[in-house]
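By convention here, the first residue in the shown sequence is residue 1. All values reported here derive from a predicted model rather than from experimental measurement.
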Amino acid sequence: MPVELSDAELILLWQNGADNAFEVLYKRYAVGLLSAALSKTRSRELSEEIIQETFLTLFTRKKTANQIINLSAFLYTIVKHKIIDHYRREKLLKRYEEHSSHIFTETDNSTLQTIESKELEQQLIFQIEKLPLRCRSVFNLSRNHHLTNKEIASELHISENTVEQHMRKALRLLRSYFFGHTERIIIFCLFVLSLF
């Protein structure tokens, strides 16, 4: 496929079934977007995951992509917002962790158990949010959208083996967070995990 086609032409080709047109768009912008993300995050892994999520966002808007007036500006804006969201989440998680270490000092046992259950559910959600972006994408597509490894690989343009690696990493990180808690907490977390 000729690379000299405009973004608009490539989008129309992509919408009409030429999947390699999306690949051309990816190659056209990925390096520049990665460089921009790296300059803000100073983390190659995080930046690569942000770029993957950026193109995933574009991919999910395939039907309306021809309405994008300036694809370059659109993609850079997504990257900017994903970086802001990442730092906002990090700040929120830090505040939550600091706050949660000071609660539950003088509460009766029954109320404490109810609160602990709710807090554990929240902690699980927070821990999922703390997963590396690519792991979290794979985990959410698997557990929340019920996609198969093959479908996830197709969505994210990665191999099935990479999908499995990200799932193993996500589950390992979640398990390691809850490992130090009592057996009751672990059982609860495993129960909650099974709902996803």
Asker: When you look at N20 and L13, which way does the side-chain contact (heavy atoms from CB on, under 4.5 Å) test go after all the steps?
Answerer: CA-CA 9 Å; N20 56 340; L13 284 170; over 6 Å; no

Asker: Could you check D7 against R28 for side-chain contact (heavy atoms from CB on, under 4.5 Å), going step by step and ending with a plain yes or no?
Answerer: CA-CA 9 Å; D7 292 346; R28 181 174 289 178; 2.6 Å; yes

Asker: Mind checking whether Y29 and T54 have side chains closer than 4.5 Å, heavy atoms only?
Answerer: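 The answer is no, as the side chains (C-beta and beyond) never meet within the 4.5 Å cut-off.
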
Asker: Restricting to pairs with a member in residues 62-75, which pass side-chain hydrogen bond (donor to acceptor under 3.5 Å, both in side chains), not counting sequence neighbours?
Answerer: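 Sorted pair list: Q15-N66.
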
Asker: If you define the side chain from C-beta out and look only at heavy atoms, does anything of E23 sit under 4.5 Å from W14?
Answerer: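 Not touching, per the 4.5 Å side-chain cut-off.
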
Asker: By salt bridge (Lys or Arg N to Asp or Glu O under 4.0 Å), which residues pair with K169, not counting sequence neighbours?
Answerer: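 Here the qualifying residues are E45.
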
Asker: Please examine the side chains of L58 and L71, heavy atoms only from C-beta on, and report whether any two atoms are closer than 4.5 Å.
Answerer: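 Yes. Closest side-chain heavy atoms under 4.5 Å.
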
Asker: So, does S47 use its side chain to make a donor-acceptor pair with the main chain of S43 at under 3.5 Å?
Answerer: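 Yes, the answer is positive, given that a donor and an acceptor are paired below the 3.5 Å cut-off.
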
Asker: Verify the cluster assignment for L10 and L12: are they in a single hydrophobic cluster under the rule of side-chain heavy atoms below 4.5 Å apart?
Answerer: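 L10 and L12: separate clusters.
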
Asker: Does a side-chain heavy-atom distance below 4.5 Å link R44 with L34?
Answerer: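 When only atoms from C-beta onward are counted, L34 and R44 do touch, with a gap below 4.5 Å.
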
Asker: Kindly indicate whether the side chain of R61, heavy atoms from C-beta on, has any atom under 4.5 Å from the side chain of F74.
Answerer: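 The answer is yes; the side chains approach within 4.5 Å.
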
Asker: Is there a side-chain contact (heavy atoms from CB on, under 4.5 Å) between S142 and I152? Walk through the geometry before answering.
Answerer: CA-CA 7 Å; S142 171; I152 295 169; 3.8 Å; yes

Asker: Should L75 and F55 count as side-chain neighbours, where that means a heavy-atom distance under 4.5 Å?
Answerer: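 Answer yes - side chains close enough.
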
Asker: Roughly how far, to the nearest 0.5 Å, is CG of L33 from CG of L38?
Answerer: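 Between atom CG of L38 and atom CG of L33 there are 11.5 Å.
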
Asker: Can you check whether I83 reaches V79 side chain to side chain, under 4.5 Å on heavy atoms?
Answerer: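 Yes. Closest side-chain heavy atoms under 4.5 Å.
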
Asker: To the nearest 0.5 Å, what is the distance between CD1 on I50 and NZ on K80?
Answerer: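 Going from the CD1 atom of I50 to the NZ atom of K80 covers 14.0 Å.
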
Asker: Do L141 and L156 touch side chain to side chain, with heavy atoms closer than 4.5 Å?
Answerer: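 A side-chain contact exists here, since the closest heavy-atom pair is under 4.5 Å.
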
Asker: Sequence neighbours left out, what passes salt bridge (Lys or Arg N to Asp or Glu O under 4.0 Å) with E53? Give chain and number order.
Answerer: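 Salt bridge (Lys or Arg N to Asp or Glu O under 4.0 Å) list for E53, sorted by chain: K82.
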
Asker: Could you tell me which residues satisfy side-chain contact (heavy atoms from CB on, under 4.5 Å) with R89, sequence neighbours excluded, listed by chain and number?
Answerer: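 Once residues adjacent in sequence are excluded, the partners of R89 under the side-chain contact (heavy atoms from CB on, under 4.5 Å) criterion are D85, H86, E129, L133, R136.
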
Asker: Any sub-3.5 Å donor-acceptor pair from E151's side-chain atoms to T148's backbone N or O?
Answerer: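 Yes; judged by distance alone, with no hydrogens or angles, the pair exists.
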
Asker: If you look only at distance, which donor and acceptor atoms sit under 3.5 Å apart when one is on a side chain in residues 158-167 and the other is two or more places apart or in another chain?
Answerer:
residue	atom	partner	partner atom	Å
S159	OG	T162	N	3.1
S159	OG	T162	OG1	2.8

Asker: Specify the closest pair of heavy atoms between Y87 and T41, including all atoms of both residues, with the distance to one decimal.
Answerer: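 Looks like OH-CA, 3.4 Å.
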
Asker: Go through the steps for Q52 and Y26 under the test side-chain contact (heavy atoms from CB on, under 4.5 Å), then give the verdict.
Answerer: CA-CA 10 Å; Q52 286 295 324; Y26 181 87; 3.1 Å; yes

Asker: Apply side-chain contact (heavy atoms from CB on, under 4.5 Å) to H157 and list each qualifying residue two or more places apart in sequence or on a separate chain.
Answerer: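 Partners of H157 under the side-chain contact (heavy atoms from CB on, under 4.5 Å) test: F22, F59.
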
